[in-house]
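Scroll down for the structure; my scribbles are underneath it.
If you're wondering where the values come from, they're calculated on a predicted model, not measured in any experiment.
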Amino acid sequence: MARVRYGARSEAEIAASRSASSKLPDIWSTGVVAVWESDPDAVAAVLPPPLKPTGRPLVRANISKVDLPGYPLGAGSVAVAAEHGGVEGWYPLVMPMTHERALIGGREVFGEPKKLGEVTVERDGLVVTAALARHGIAFVEVRGAVSGELPLPEPSQKTDFYFKFLPGVDGSGFDADPVLVHCLRNEKVRKLERITGNVVLRESMFDPVADLPVRSLVDITIGEKTTDQKGKVVERVSAQALLPYIHQRYDDPQQIHDGPPEGSA
């Protein structure tokens with residue numbers, strides 16, 4: 001009988017798959033990073049407990065193109081500074097990806113708030129434009145000109161915070177208590193330049209980052225970097241406390257209960 005591809009894989013095939021994924025080479029990306037101080041009340045309002053604000057109400061937009069062989073990828077995020085258990089890091093609110101493959105693993109394994117979207121990074125000489133867009137709206141755009149090289153930072157480890165959960169089958173709450181994930185990213189930078197420019201936030205009902213206005217621009221850079229990441233569950237969190245925030249993950253929270261009738265395609 002010909003192999004049934006939906007059938008079970010052998011232990012050897014599973015082991016080979018795991019081994020291949022653990023030996024990935026460095027993958028370099030070219031990205032624009034903009035950081036600004038926003039309204040402290042707005043930053044605090046988007047943080048689900050037990051995350052807390054840091055000493056500065058910072059927002060970061062990261063807009064990158066990734067050099068995957070034969071599979072170029074646009075990847076971005078908008079995150080706010082947050083703290084948990086003495087660890088400072090970033091809590092991403094939205095992470096647009098241009099391909100489904102990059103979206104699935106992050107959402108299902110780490111709980112990342114990834115969504116399909118458009119990500120562009122363009123450079124013409126010294127002029128740089130980068131944007132995150134969904135539903136025809138470029139809700140974040142960074143524009144400027146390269147104004148000088150910056151010293152390369154030492155390799156560093158950064159932390160992102162994610163909530164991993166499954167909405168309840170019965171339409172209320174969750175199937176199990178959500179977990180808070182610390183995602184540790186090891187980052188190496190091989191090129192870094194300063195950009196003099198500005199950040200434009202456009203109104204979008206689906207990605208309302210315009211609620212985190214630019215009060216004071218901290219910096220804009222363009223650089224080449226590579227990262228790897230490992231996640232760890234640090235605690236189970238209150239389902240009741242997280243429930244008011246799960247709309248952050250979806251364009252329409254009702255869509256998680258919109259399953260098609262049984263037997264439909």
Side-chain angles (χ1 to χ4, degrees), residues 6 14 18 21 41-54 59-60 62 75-97 99-117 132 134-135 139 158-185 204-209 211-212 229-265:
Y6 274 127
I14 294 172
R18 288 174 177 167
S21 64
D41 292 334
V43 170
V46 303
L47 292 174
L51 299 183
K52 297 178 180 179
T54 63
V59 183
R60 180 193 67 190
N62 193 328
S77 69
V78 178
V80 298
E83 181 270 336
H84 174 254
V87 177
E88 291 197 2
W90 296 91
Y91 173 61
L93 295 167
V94 60
M95 300 177 70
M97 301 284 134
H99 296 300
E100 185 181 25
R101 182 174 181 178
L103 183 151
I104 292 173
R107 284 179 68 101
E108 297 190 4
V109 176
F110 295 99
E112 295 173 330
K114 290 184 173 180
K115 300 178 179 179
L116 287 174
L132 301 176
R134 296 180 67 248
H135 301 289
F139 58 92
K158 300 179 179 179
T159 302
D160 281 351
F161 305 115
Y162 304 121
F163 292 93
K164 184 176 179 180
F165 57 81
L166 286 174
V169 172
D170 64 2
S172 64
F174 305 98
D175 280 336
D177 287 338
V179 296
L180 175 60
V181 174
H182 283 199
C183 185
L184 309 177
R185 301 181 185 275
S204 168
M205 63 179 291
F206 302 106
D207 304 290
V209 298
D211 291 348
L212 301 165
Q229 68 181 47
K230 292 183 179 179
K232 61 179 181 179
V233 173
V234 293
E235 68 173 90
R236 293 197 173 275
V237 301
S238 164
Q240 184 176 4
L242 182 61
L243 192 60
Y245 295 88
I246 67 167
H247 65 280
Q248 295 175 343
R249 190 70 54 89
Y250 306 100
D251 289 348
D252 177 3
Q254 294 301 317
Q255 72 188 27
I256 61 178
H257 306 305
D258 287 347
E262 183 176 353
S264 64

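Residues A241 and P49 approach most closely at CB-CG, 3.7 Å, considering heavy atoms. Here the closest heavy-atom approach between residue L242 and residue P48 is recorded as CD1-CB, 3.7 Å. Across all non-hydrogen atoms, the minimal contact from A81 to L47 is O-CD1, 4.1 Å. Considering every non-hydrogen atom in both G117 and P96, the closest pair reads CA-CB, 4.3 Å. Shown here for V46 and Y91, the closest heavy-atom pair between the two residues is O-CE2, 3.4 Å.
R60 has its side chain within reach of S77: a pair of non-hydrogen atoms, C-beta onward, lies under 4.5 Å apart. Annotation: side chain of V237 is in contact with side chain of P50 (closest heavy-atom distance under 4.5 Å). Side-chain atoms of L180 and F163, non-hydrogen and from C-beta on, do get closer than 4.5 Å to each other.
Rounding to the nearest 0.5 Å places CZ of R134 at 8.0 Å from CZ of F206. Taken to the nearest 0.5 Å, the CG atom of L243 stands 8.5 Å off from the OG atom of S172. We find the CG-CZ distance between L93 and R249 to be 10.5 Å, quoted to the nearest 0.5 Å.
K52 meets the side-chain contact (heavy atoms from CB on, under 4.5 Å) test with E83; sequence neighbours excluded. Contacts of A42 classified as side-chain contact (heavy atoms from CB on, under 4.5 Å), with partners at least two apart in sequence or in another chain: D39, L212. Residues satisfying the ring-ring contact (aromatic ring centres under 6.0 Å, His included) test with F165, not counting sequence neighbours, are F174. Here D211 pairs with P208 under the side-chain contact (heavy atoms from CB on, under 4.5 Å) rule; sequence neighbours left out. Every residue was checked against the side-chain hydrogen bond (donor to acceptor under 3.5 Å, both in side chains) condition with H99, not counting sequence neighbours, and none meets it. Take K164 and apply the salt bridge (charged side-chain N to carboxylate O under 4.0 Å, His left out) test, not counting sequence neighbours, and it matches no residue. Under the ring-ring contact (aromatic ring centres under 6.0 Å, His included) criterion, F161 pairs with H182, sequence neighbours left out. Applying the side-chain hydrogen bond (donor to acceptor under 3.5 Å, both in side chains) rule to E88 yields no partners; only residues at least two apart in sequence or on another chain are considered. Scanning for side-chain hydrogen bond (donor to acceptor under 3.5 Å, both in side chains) contacts around D160 gives Y162, R185, with sequence neighbours left out. Considering only residues two or more places apart in sequence or on other chains, L116 meets the side-chain contact (heavy atoms from CB on, under 4.5 Å) condition with L103. With sequence neighbours excluded, no residue satisfies side-chain hydrogen bond (donor to acceptor under 3.5 Å, both in side chains) with R107.
A donor-acceptor distance shorter than 3.5 angstrom exists from the side chain of K114 to the backbone of A102, with no hydrogens or angles considered.
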Item checked: Step-by-step side chain to side chain contact (heavy atoms under 4.5 Å, CB included) determination, E112 to Q229 -> CA-CA 12 Å; E112 295 173 330; Q229 68 181 47; 3.6 Å; yes
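Sorted by first and then second residue, the side-chain hydrogen bond (donor to acceptor under 3.5 Å, both in side chains) pairs involving residues 230-247 (not counting sequence neighbours) are H84-E235.
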